[in-house]
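To find a chain, count down the sequence lines: A is the first, B the second, and so on, and within it residues start at 1. Since the structure is predicted, the reported quantities are computational estimates derived from the model, not experimental observations.
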Amino acid sequence: MKQINQDFFARNTLVVAKELLGKIIKVGNVSGMIVETEAYRDDPASHAYNKTLRSKLMYDTWGHVYVYFIYGNHWCLNFTTEKNKPGAVLIRALQPLSGIDLMKKRRKTENIKQLTNGPGKLTQALGITNKFNGEVIGKHIKVFDNNLKFEIIQTTRIGISVAKDLPWRFYIKGNPWVSKF
DNA sequence: TACTGGATTCACT
DNA sequence: GTGAATCCAGTAA
């Protein structure tokens with residue numbers, strides 16, 4: 001399996017979000033296949049809309065890990081994109097592949113479907129916190145190519161984004177780990 | 001220094 | 001279907 005290099009992320013955010021589907025994320029001995037992503041660009045729904053200390057990574061880097069905390073409870077995992085524009089792809093759901101026992105322990109559940117079917121869940125299962133924020137992809141969080149073919153659905157999150165050029169959410173059709181939100 | 005709201009999840013009804 | 005938990009970054013002062 002081939003590891004993805006930084007150039008993969010130096011492209012249009014929507015293209016990266018779409019092509020990340022089916023790729024493998026590996027952190028230590030825990031890994032999973034990406035089954036749902038969300039593209040964030042320079043729109044009012046995104047942290048990228050205002051350049052702040054937090055969103056600086058989205059402006060200045062590509063192929064880096066961007067982790068932030070929300071709702072007092074949850075971490076969200078993003079990969080930054082595009083060389084000359086702000087952008088990032090939120091990883092919304094994974095299909096667990098290895099290290100499942102450790103994921104169950106971290107998530108405190110035996111239900112495999114509940115391990116990584118949401119943005120906050122998968123970071124917990126993978127042990128991702130802001131200690132990885134700003135790291136280049138490949139250091140601790142690795143992404144591998146996986147030559148699988150599947151049907152991809154594009155959609156939007158109506159009511160949240162007022163961005164143009166929608167849609168910007170992608171998931172693998174029929175995969176049980178796609179989040180319901 | 002204080003206030004506000006959020007790229008969510010879970011328990012409960 | 002509804003609401004609580006929970007805390008950090010951004011903003012205003």
Side-chain angles (χ1 to χ4, degrees), chain A residues 9 12-21 23 25 30 32 34-82 85-96 103-135 137 141 143 152-172 175-181:
Chain A
F9 298 93
N12 180 284
T13 305
L14 291 179
V15 173
V16 175
K18 194 170 177 178
E19 293 191 7
L20 272 174
L21 292 177
K23 300 285 187 288
I25 293 183
V30 179
I34 300 171
V35 300
E36 185 176 356
T37 61
E38 205 160 276
Y40 284 88
R41 295 174 297 160
D42 193 6
D43 66 67
S46 168
H47 294 169
Y49 191 56
N50 294 309
K51 189 173 184 178
T52 61
L53 200 61
R54 177 164 70 165
S55 67
K56 193 172 180 298
L57 277 171
M58 296 174 76
Y59 279 77
D60 298 342
T61 72
W62 63 97
H64 279 63
V65 178
Y66 172 41
V67 182
Y68 63 89
F69 196 70
I70 51 163
Y71 297 119
N73 286 319
H74 307 288
W75 298 100
C76 286
L77 172 64
N78 301 253
F79 296 142
T80 59
T81 57
E82 310 218 24
K85 283 193 289 184
V89 175
L90 169 67
I91 309 302
R92 291 190 55 85
L94 297 178
Q95 177 174 337
M103 289 195 207
K104 286 178 178 172
K105 196 175 164 188
R106 284 172 171 157
R107 293 276 302 120
K108 296 183 174 67
T109 177
E110 286 295 313
N111 187 343
I112 292 182
K113 291 273 293 290
Q114 289 291 325
L115 292 179
T116 53
N117 64 336
K121 296 179 184 179
L122 70 92
T123 52
Q124 190 181 14
L126 266 51
I128 292 172
T129 65
N130 68 339
K131 69 184 175 187
F132 295 125
N133 192 41
E135 271 190 14
I137 292 169
I141 299 174
V143 182
I152 293 173
I153 306 290
Q154 299 184 200
T155 184
T156 61
R157 300 185 73 195
I158 293 171
I160 295 181
S161 176
V162 292
K164 294 173 183 173
D165 300 326
L166 298 172
W168 42 275
R169 189 171 187 179
F170 304 89
Y171 60 93
I172 295 176
N175 187 285
W177 277 272
V178 170
S179 71
K180 61 179 174 179
F181 294 104

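- To the nearest angstrom, C1' of dG10(C) lies 17 Å from NZ of K56(A).
- Comparing dA5(C), dG10(C), dT8(B) by their nearest atom to the side chain of C76(A) picks out dT8(B).
- The closest donor-acceptor contact from the side chain of T116(A) to the backbone of L94(A) lies under 3.5 Å.
- We find that CD of E38(A) is positioned 12 Å from C1' of dT8(B), with the value rounded to whole Å.
- Distances shown here put a side-chain N or O of R92(A) below 4.0 Å from the OP1 or OP2 atom of dT8(B).
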Expected list for residues 66-77 of chain A: side-chain donor-acceptor pairs under 3.5 angstrom, two or more places apart:
{"unit_1": "Y66(A)", "atom_1": "OH", "unit_2": "H47(A)", "atom_2": "ND1", "d": "2.9"}
{"unit_1": "N73(A)", "atom_1": "ND2", "unit_2": "Y71(A)", "atom_2": "O", "d": "3.4"}

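- The shortest non-hydrogen separation linking P119(A) to L90(A) is CB-CD1, 4.5 Å.
- In this entry the distance linking NZ of K51(A) with C1' of dA9(C) reads 17 Å, nearest Å.
- The distance from atom CZ of R54(A) to atom P of dC8(C) is 12 Å, rounded to the nearest whole Å.
- Sorted by first and then second residue, the pairs that involve residues 108-132 of chain A and meet ring pair (Phe, Tyr, Trp, His ring centres under 6.0 Å), not counting sequence neighbours, are F132(A)-H140(A).
- With sequence neighbours left out, the side-chain contact (heavy atoms from CB on, under 4.5 Å) criterion links A17(A) to T37(A), A39(A), V89(A), F170(A).
- Nearest heavy atom pair, residue N175(A) against residue Q95(A), reads ND2-OE1, 2.8 Å.
- Helical stems of DNA chain B (runs of at least 3 Watson-Crick or G-U pairs, donor-acceptor distances under 3.5 Å) are listed by first residue: B:1-6 with C:7-12, B:8-12 with C:1-5.
- The nearest pair of heavy atoms linking A125(A) to M103(A) is O-CG, 3.7 Å.
- Annotation: salt bridge (Lys or Arg N to Asp or Glu O under 4.0 Å) contacts involving residues 48-70 of chain A, sequence neighbours excluded, comprise K51(A)-D60(A), K56(A)-D60(A).
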Report each atom pair, protein N/O against N/O of nucleotides 11-13 of chain B, whose distance is under 3.5 angstrom.
none

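- Applying the side-chain hydrogen bond (donor to acceptor under 3.5 Å, both in side chains) criterion to R106(A), with sequence neighbours excluded, gives no partner residue.
- The salt bridge (Lys or Arg N to Asp or Glu O under 4.0 Å) analysis of residues 111-129 of chain A, with sequence neighbours excluded, yields no pairs.
- Of the candidates dG10(C), dA7(B), dT9(B), the closest approach to any side-chain atom of H74(A) belongs to dT9(B).
- In terms of the side-chain hydrogen bond (donor to acceptor under 3.5 Å, both in side chains) criterion, N78(A) has no residue partners (sequence neighbours excluded).
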I'd like a list of close polar pairs between nucleotides 2-6 of chain B and the protein, N/O only, cut-off under 3.5 Å.
{"unit_1": "dG6(B)", "atom_1": "N2", "unit_2": "Y71(A)", "atom_2": "N", "d": "3.4"}

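- Under the rule for a salt bridge (charged side-chain N to carboxylate O under 4.0 Å, His left out), the partners of K85(A) that lie at least two apart in sequence or sit in another chain are E82(A).
- Rounded to an integer number of Å, the gap from R41(A) CZ to dA7(B) C1' is 15 Å.
- At a non-hydrogen distance threshold of 4.0 Å, nothing from residues 108-130 of chain A comes into contact with DNA chain C.
- Rounded to an integer number of Å, the gap from R107(A) CZ to dT9(B) P is 8 Å.
- No donor-acceptor pair under 3.5 Å is formed between the side chain of W62(A) and the backbone N or O of G87(A).
- Y68(A) does not qualify as a stacking partner of the dA7(B) base, lacking a centre-to-centre distance under 5.5 Å together with planes within 30°.
- Judged purely by atom type and a 3.5 angstrom limit, Q114(A) has no side-chain atom pairing as donor or acceptor with the backbone of T109(A).
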